[in-house]
Amino acid sequence: AQKVTQAQTEISVVEKEDVTLDCVYETRDTTYYLFWYKQPPSGELVFLIRRNSFDEQNEISGRYSWNFQKSTSSFNFTITASQVVDSAVYFCALSEAGYSTLTFGKGTMLLVSP
Amino acid sequence: DTGVSQDPRHKITKRGQNVTFRCDPISEHNRLYWYRQTLGQGPEFLTYFQNEAQLEKSRLLSDRFSAERPKGSFSTLEIQRTEQGDSAMYLCASSWGGRVNTEAFFGQGTRLTVV
């Protein structure tokens, strides 16, 4: 069975602070995919990134960066110099090889205040 | 707009009534998914289609729920004899599935309130 744990329910930061959202996953598969989605108040889940289990290289996209560590089964997401527009619920998700469906964590609500 | 669209955005219904939601996926995507999200939780998988075939159904999908995807295009999700526990956001997503699977893109969801 697969499982995604986002232990941080809510994080509050002041604009320009850096913030890291944690994600720990469980799976028996050796091939799997990890995702991060953003859900703003409008409700639509916005795709941010997908990584496969064979690619442990960290990725940076603008103010966003992701740290994938198979040794600790973690796929953490860092926002550098946070902005008010980053306020949203962020979900980490897992998809096992051969399956299309996503298993989501419970999400972390990020509140960025001016 | 070439994204996933869902209709209606909001639905309020009385307990016991039937409701139907529609999802129009991204046109070139062959896979379509339905998820349900309750307050404070992540989305939970309900069912998915590849083209017109319904390939997987979650145990969450009781007999009161039925989904179709005629002709492999849009999909409908019907809930019969709604119960208050059905109140949730129903999310639709689509992706391309084959030798290489793409990520899923989500619609804005249909928020169902059963009173």
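Note that the coordinates shown come from a computational prediction; the quantities given were computed from them, not determined experimentally. Below, chains carry the letters A, B, ... as their sequence lines are ordered, and counting in each starts from 1.
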Is it the side chain or the backbone of Arg9(B) that comes within 4.5 Å of chain A heavy atoms, both, or neither?
side chain
Residues Gln2(A) and Thr27(A): side-chain donor-acceptor under 3.5 angstrom
no
Quick check on the interface: out of Gly109(B), Gly42(B), Pro43(B), who has the most heavy-atom pairs with chain A under 4.5 Å?
Pro43(B)
Please look at Ala93(B) and chain A and tell me whether the side chain, the backbone, both or neither of the residue comes under 4.5 angstrom of a heavy atom of that chain.
neither
Taking atom types as modelled, find out whether Gln84(B) and Arg15(B) have a side-chain donor-acceptor pair closer than 3.5 angstrom.
no
By a 4.5 Å heavy-atom criterion (distance strictly below it), what part of Gln50(B) contacts chain A: side chain, backbone, both, or neither?
neither
Between Tyr90(B) and Phe21(B), does a ring pair (Phe, Tyr, Trp, His ring centres under 6.0 Å) hold up when you go through it step by step?
CA-CA 9 Å; Tyr90(B) 290 84; Phe21(B) 310 140; 5.4 Å; yes
Does any donor atom in the side chain of Gln37(B) or Gln39(A) lie under 3.5 Å from an acceptor atom in the other side chain?
yes
Could you look at Leu91(B) and say if it's the side chain, the backbone, both or neither that has a heavy atom under 4.5 Å from chain A?
side chain
Does Arg51(A) form a salt bridge (Lys or Arg N to Asp or Glu O under 4.0 Å) with Glu56(A)? I'd like the steps, not just the answer.
CA-CA 8 Å; Arg51(A) 300 309 297 260; Glu56(A) 287 193 71; over 6 Å; no
